[in-house]
Amino acid sequence: MDSLWEQARLEIRAGLQVALTSLSVDMALERIEVTPPTEEGHGDWVTNLAFRLTKRLAGSPPNIAARLAEHFPQLPLVQRIEVAGPGFINFWVDSQWLAQVLVEAVNNPQGFGRRPPIGERVLLEFVSANPTGPLVVVNGRAAAWGDSLARLLTMAGYSVDREFYVNDAGMQVVKLGQAMAIRLDELRGSPLPEVWPEGVYPAEYVRDLAQAYAASHSQWEALVEDVTAWPELGAWAAEILRAQQEKELERFGVRFDRWFSEKSLRDAKRPDAVVQQLESLDLLYDQEGARWFRSTQFGDQKDYVVVKSDGGYTYIVPDAAYHVEKFQRGYDHVIDLLGPDHHGHLSRMRAIMAGLGYRAETLEILIIQMVRLLRGGQPVKMSKRGGTFVTLAELMDEVEVDPARWFFVERSSDTPMDFDLDLAQLKTQENPVYYVQYAGARIHSILQTYEARFAEDPEPFDSLKLVEPLEQALIRDVAKMPSVILRAAEQRAPQALCRYLTEIATHFHAFYRQHRIMEEAPSLRRARIELIRAVLIALSQAMEVIGVSVPERM
RNA sequence: GUCCCCGUAGCUCAGAGGAUAGAGCGCGGGACUUCUAAUCCCGGCGUCGCAGGUUCGAAUCCUGCCGGGGACACCA
């Protein structure tokens, strides 16, 4: 069942087809464009049909538009039709017809804007930070944005699984183990190396991990000089770090359905199967002692190594095996959110999956771009290599979860963003999060007063009382909400919700200052109560999607 | 050098091929005896980076150029 707002669009489109028929023009419904106006005052829905018919019908666009309007059938939901500008036809949806949406929302708050299950399964993989250190700010962006996308797709009727891919095998875990060994040695009183080995981070948190390890393992001193112990030490530390990441994400309001271990994939020999399949498809060749994949056959810039000269696999092999595994689990859509450092990985991943016979459209790869933190207008240093990176935990210590999540979701994911720490902490007009939350708090406050005074209001709801421009604007905002959700889901654009929320909050605040509720006559009071109840529902549902709370008091 | 993203108001950014390109912030005025002033109202002279092209119509699509950011390992 389409939302009322969408229903209006479809009926207008059908009406246009009827008008076309009376002008002896055949046109398929899907080819008739009915779009939102670009500007206020141009109605609720607009068609450009007249421009597109200049070759099939004699006359100028305004003339054709006028004839179409004339033959447009009477529809109860169309209040007004206007031929405007150089040939547009603007349609106003009848406010009374539209006001049904208020009752609909109030009768089913949780279901409002939610499309019934459409039977499609989505696997969304995001964050997937290496378990070799704490989460950093850009992981927070991925977490907030990815979680919102998951909520958005759920609202749009998809069945969504959130997954975190844990790189708990391979070289970086061995390096972590080596760092552990160095730190354990430090515990025995040895000096730290003057130059750390290539790829081994001198990070402080490893010292804490080493202490914890020593405290729980009696034989630890024997491992210090044992190179073969690095993988095990690394795996131990990686699991601790992974568990910390899970906790931090939970604090950030993000939970995963599955933490998928790369090690389990390797243990099951899935990467071997990928290489064998590529071999059997004759897509590998030898060069300089390594096995290369012919990725240029699949649109990549250059071929690349899959089996190193030492016999080990490069990163792409287990990752490809992981994606094969995902598809085998039967998902209709597989979506990856990759970090900014994976930019170059994208074309390789697409190439190898194409090589393995998967259609390009089924795998969507989105890039989460980097985050620059600003304090006092100046960038805060956050280079992971320099060791001065800002962690997600540090960010959460400074900024509350609600504004942090809002800020991350507000911007499209594929462009670098500045995160203004000062602004995020401001609890004033400059901060859009509180602006929207404040609208919710005001509604709660009115509803509490109302329910205390009129627990049993005998007055029936009469939408005819809602005639003020701001009331009608709010009815439209409520009615549009399901369409906003569906469109944002299709576009993978949760940021659209932030814009919607700001708009409905703006209309509400203006309404609030201009009109009263409790002092009005019973019938008007009742109508406005129904209106703001529905506004609160639409607002809360949209806030739910971006993972930001709606406090009852502020 | 190749590939990806981005150039729109002083700043941060919206913009579904359409009408006179919009918001917020900042700045200047004004509004609470009232259901929350974390609010509202008024104030906008922009080469939509540049040049071509497609189109009845381009900030939007295509090509080239200029500027900014990022990615281009037998690391993950």
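Naming convention: chains lettered A, B, ... in sequence-line order (proteins, then strands); numbering from 1 in each chain.
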K.L.:
I need the OH-P distance between A:Y435 and B:U36, as an integer number of Å.
P.N.:
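Checked: the OH to P distance equals 17 Å.
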K.L.:
Could you check whether the side chain of A:N90 and the base of B:A19 have a donor-acceptor pair of N or O atoms closer than 3.5 Å, going by distance alone?
P.N.:
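Such a pair is found, so the answer is yes.
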K.L.:
If I take atom CZ in residue A:R348 and atom P in nucleotide B:C74, what distance separates them, rounded to the nearest angstrom?
P.N.:
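Distance check: A:R348 CZ to B:C74 P gives 9 Å.
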K.L.:
Considering every strand and a 4.0 Å limit on heavy-atom distances, what is the contact class for A:R499: base, sugar-phosphate, or nothing?
P.N.:
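Touches sugar-phosphate only.
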K.L.:
Specify the separation, in whole Å, of atom CG of A:L536 and atom P of B:U36.
P.N.:
14 Å
K.L.:
Which part of the nucleic acid does A:A439 contact within heavy-atom distance under 4.0 Å: base, sugar-phosphate only, or nothing?
P.N.:
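A:A439: no heavy atom of the nucleic acid under 4.0 Å.
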K.L.:
What integer number of Å spans the P atoms of B:C61 and B:G17?
P.N.:
8 Å
K.L.:
Rounded to whole angstrom units, what separation is found between the OH atom of A:Y438 and the C1' atom of B:U39?
P.N.:
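Taking atom C1' of B:U39 as the reference, OH of A:Y438 is at 5 Å.
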K.L.:
Any sub-3.5 Å donor-acceptor pair from A:E125's side-chain atoms to A:H323's backbone N or O?
P.N.:
no
K.L.:
Using a 4.0 Å heavy-atom cut-off across all strands, classify A:H515 as base, sugar-phosphate, or nothing.
P.N.:
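Touches a base.
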K.L.:
Would you measure the distance from the C1' atom in B:G68 across to the matching atom in B:C32 and give it in whole Å?
P.N.:
47 Å
K.L.:
Quantified in whole Å, what is the P atom distance between nucleotide B:G18 and nucleotide B:C62?
P.N.:
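Rounded to whole Å, the distance is 15 Å.
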K.L.:
Considering only atom P, compute the distance from B:G44 to B:A23 and round it to an integer number of Å.
P.N.:
11 Å
K.L.:
Relative to the ring of A:F298, is the ring of A:F293 parallel (under 30°), tilted (30 to 60°) or perpendicular (over 60°)?
P.N.:
parallel
K.L.:
Who passes side-chain contact (heavy atoms from CB on, under 4.5 Å) against A:H345, sequence neighbours left out?
P.N.:
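In terms of side-chain contact (heavy atoms from CB on, under 4.5 Å), with neighbours along the sequence ignored, A:H345 is linked to A:Y315, A:I316, A:D319, A:L338, A:H342, A:M349.
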K.L.:
For A:E519 and for A:E262, locate the closest nucleotide of RNA chain B by heavy-atom distance; then report the residue assigned to the nucleotide nearer the 5' terminus.
P.N.:
A:E519
K.L.:
If you look at every strand shown and take non-hydrogen atoms under 4.0 Å, does A:E288 touch a base, only sugar-phosphate, or nothing?
P.N.:
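Contact class for A:E288: base.
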K.L.:
Just to be sure I understand the rule, does A:E520 reach a base, reach only the sugar-phosphate, or reach nothing, if contact means heavy atoms closer than 4.0 Å?
P.N.:
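Answer is nothing: A:E520 stays at 4.0 Å or more from every strand.
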K.L.:
Using the P atom as the point on both nucleotides, what is the distance between B:A14 and B:C56, in whole Å?
P.N.:
31 Å
K.L.:
How would you label the contact of A:D414 with the nucleic acid (heavy atoms, under 4.0 Å): base, sugar-phosphate, or nothing?
P.N.:
sugar-phosphate
K.L.:
So what does A:R411 touch, heavy atoms closer than 4.0 Å: a base, only the sugar-phosphate, or nothing?
P.N.:
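The residue A:R411 makes sugar-phosphate contact but no base contact.
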K.L.:
Heavy atoms from C-beta onward define the side chain here; which of B:C56, B:C75, B:A19 lies closest to that of A:F51?
P.N.:
B:C56
K.L.:
A:Y512 near the nucleic acid: base, sugar-phosphate alone, or nothing, with a heavy-atom cut-off under 4.0 Å?
P.N.:
base
K.L.:
Determine the interatomic distance between P on B:U8 and the same-named atom on B:C3; round to the nearest Å.
P.N.:
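It comes out at 24 Å once rounded to the nearest Å.
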K.L.:
What's A:K175 touching, base or sugar-phosphate or nothing? Going by heavy atoms closer than 4.0 Å.
P.N.:
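No contact at all - A:K175 keeps every heavy atom at 4.0 Å or more from the nucleic acid.
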K.L.:
Dot-bracket for RNA chain B: what is it, with Watson-Crick or G-U pairs under 3.5 Å, [ ] where a pair crosses earlier ones, and | for a pair to another strand?
P.N.:
(((((((..((((....[...)))).(((((.......))))).....(((((..]....))))))))))))....
K.L.:
For a quick check of understanding: with a heavy-atom distance under 4.0 Å over all strands, which category does A:A441 fall into, base, sugar-phosphate or nothing?
P.N.:
base
K.L.:
Could you work out the separation of B:A58 and B:A21 based on their P atoms and round it to a whole Å?
P.N.:
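These two P atoms come out 14 Å apart once rounded.
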K.L.:
Given that A:T54 and A:E39 both sit by RNA chain B, which one's nearest nucleotide is further toward the 5' end?
P.N.:
A:E39
K.L.:
Picking from B:A37, B:C74, B:C56, which would you name as closest to the side chain of A:T314?
P.N.:
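Of B:A37, B:C74, B:C56, B:C74 is nearest to the side chain of A:T314.
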K.L.:
Describe the nucleic acid contact of A:V173 in one word from base, sugar-phosphate, nothing, applying a heavy-atom distance below 4.0 Å.
P.N.:
nothing
K.L.:
Going by the angle between their ring planes, with limits at 30° and 60°, are A:Y322 and A:Y165 parallel, tilted or perpendicular?
P.N.:
parallel
K.L.:
Hey, does A:T35 reach any base, or is it just sugar-phosphate, or nothing, if we go heavy atoms under 4.0 Å?
P.N.:
nothing
K.L.:
Once you apply a heavy-atom cut-off of 4.0 Å, does A:P36 come out as touching a base, just sugar-phosphate, or nothing?
P.N.:
base
K.L.:
Under 4.0 Å between any heavy atoms, over every strand shown, what does A:S309 touch: base, sugar-phosphate, or nothing? Just pick one.
P.N.:
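Here A:S309 touches the bases of the nucleic acid.
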